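For reference, the structure discussed in these notes is given below.
Predicted, not measured: the structure shown is a model, and the values here were computed from it. Within every chain, numbering begins at 1; the chains are lettered A, B, ... in the order of the sequence lines, protein sequences first and strands thereafter.
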Amino acid sequence: MLLALETSCDETSAAVIHDGVILANVVSSQIRLHAEYGGVVPELATREHLRNLLPVARAALRQAGVTPRDLRAVAATRGPGLPAALRAGFTAAQAAAYVLGVPCLGIHHHEAHLYSPWISGPPLRADWGAFQPNVSLIVSGGHTMLVHVRAELEHMVLGSTLDDAAGEAFDKVSKLVGLPYPGGPVLDRLAEEGRADAYDFPRPLLYEPHDDFSFSGLKTSVRVFLQKHPGLADDPQALRNLCASVRAAIVETLIGKTLRAARRLGVRCVTASGGVTCNRALRRDLATKCAQLGLTLRLAEPSLCTDNAAMVGILAERQFGRGLGISERDAEPEPGWSLESLQRVG
Amino acid sequence: MDHPQSPSNVLPFRAQTRSVAETEALAARLAQTAQSGWVIGLHGDLGAGKTAFSRGFARGLGCPGRVHSPTFALMNAYRGGRCPLQHLDLYRLNSAADVTAAGLEEYLLQPEGITLVEWAERWIDGGAVPPNWRQVHLEVLGENERSLVCDWHP
């Protein structure tokens, strides 16, 4: 029985894991919390984490029907993330582990994302038996990276964004066309009723011979486009077409680079996780393309795409079983922890 | 939007760049003249080149890591240069209280090294800026052309 905490950015989350089964996964979504006040922007990061942490952890234990005495280990995200936010969760985990006399595991947030596509249900559980080597796309508001996962707990970073993350590109383009921030999900919804071939936007770095991404230039493309077509975004159907065209540019780039890496490395499986994995076109088009190529596709469940402690706990339990990941008693959070520095290649 | 005032005793430095690469190169040169303890406000519209400026600035300080947008993470830190560098984006925050709650105030008041900050207005909100503040304004002139005004002279 393992308790996991996640506080690297906006979400406070706690999960209880036993033998790969998620007994509880509580996420106090600050976006939802703030929506009650009519606000658009979620941030009160650290103070919210401190306020949420104990209620969220108690709720997770209660849902799982366990007491702290049942825990064999406590885990938390150690990095990367916002320093003060990470400290709230990681220090709480260290304190709980110390009091209970059990090990504390410091987990890398992105490494946890790599295994979230292997969690399915209901009831949600890690399908380790189905695991196979894969190319994994982590794509969110803060990150866009491609990783070769050669075996369980063995990964190699292939590439990442040079500037903006894909989720950020969605949000910022939404803002340029007059949608409220963060508008990525709204853009996705409008795009569903638009024509993706209406306007032509660049597919950045799609044909470059490396696995890095760049989405910053897309903002400029859209701004220049809007200058050339003033008032276009005021026409509802033109706006939907624009959203569909921009979404196609981003999604085609993500999928094109992911599949190319899979082909080059000879893996038969592709996975995707992170908030943008909720994007409808990304899910749909990845499924179609992977089916055409005979590749196995594992997409993180929508409830596990955004930050959550379940994925942290699933990875922590797997590491714990192999004697990995246990942090020293005086370990500090690692706000700038890179996934490359953690490369485990057998 | 009103931007914080520059210190009155320094002449603004003005330049125009014709590409992202030129903006980065200029920022790298400016970084060599920046002093530890400074907090540098970056101003400019979406796509004006604030991240590009930050990338060049980090390179000028000798920071080896890859520089990317801090909008979602709120802050990225870069080490390994001649002094520590923090890159903040307060866009997602609403007020000075939010900045404090996110634990970011220390990087704005008395940074270890240099802090670059986008959307500093969220924190300053019309108040006076401390003496360690500097400003860079980026403006879009054309598809690739940018104007840059900076309130310290390299």
Please report the interatomic distance OG(B/Ser69) to NZ(A/Lys219), rounded to the nearest 0.5 Å. 6.5 Å
Check whether A/Ser160 gets within reach of chain B through its side chain, its backbone, both or neither, counting any heavy atom under 4.5 Å. both
Separation of A/Leu162 CG from B/Thr51 OG1 (nearest 0.5 Å): 12.0 Å
Nearest 0.5 Å, what's the NE2-CG distance between B/His68 and A/Asp164? 10.5 Å
side-chain hydrogen bond (donor to acceptor under 3.5 Å, both in side chains) filter on A/Asp212, not counting sequence neighbours, yields B/Arg66
Would you give the length of the straight line joining atom CZ of A/Arg223 to atom CG of B/Asp45, rounded to the nearest 0.5 angstrom? 7.5 Å
Let me know if B/Arg79 has heavy atoms under 4.5 Å from chain A in its side chain, its backbone, both or neither. neither
Looking at B/Val20, B/Val140, B/Asn76, B/Asn144, which has the largest count of heavy-atom pairs under 4.5 Å with chain A? B/Val140
With sequence neighbours left out, write down each residue that passes side-chain hydrogen bond (donor to acceptor under 3.5 Å, both in side chains) with A/Thr277, or none if nothing qualifies. none
Side chain, backbone, both or neither: which part of A/Pro83 has a heavy atom under 4.5 Å from chain B? side chain
B/Gln110, CD atom: more than 12 neighbouring heavy atoms under 6.0 Å: no
So how far is it from B/Phe72 CZ to A/Asp10 CG, rounded to the nearest 0.5 Å? 5.0 Å
Could you tell me which non-hydrogen atom of B/Ala102 sits nearest to which non-hydrogen atom of A/Ala84, and how far apart they are? O-CB, 3.9 Å
Evaluate whether atom CD of B/Glu112 has more than 12 neighbouring non-hydrogen atoms of other residues, nucleotides or ligands under 6.0 angstrom away. no
What part of B/Ala73 lies closer than 4.5 angstrom to a heavy atom of chain A: side chain, backbone, both or neither? backbone
Need one label for A/Ser216: side chain, backbone, both or neither, based on atoms under 4.5 Å from any heavy atom in chain B. neither
Going from CG on B/Leu46 to NZ on A/Lys172, what distance comes out if it is rounded to the nearest 0.5 angstrom? 6.0 Å
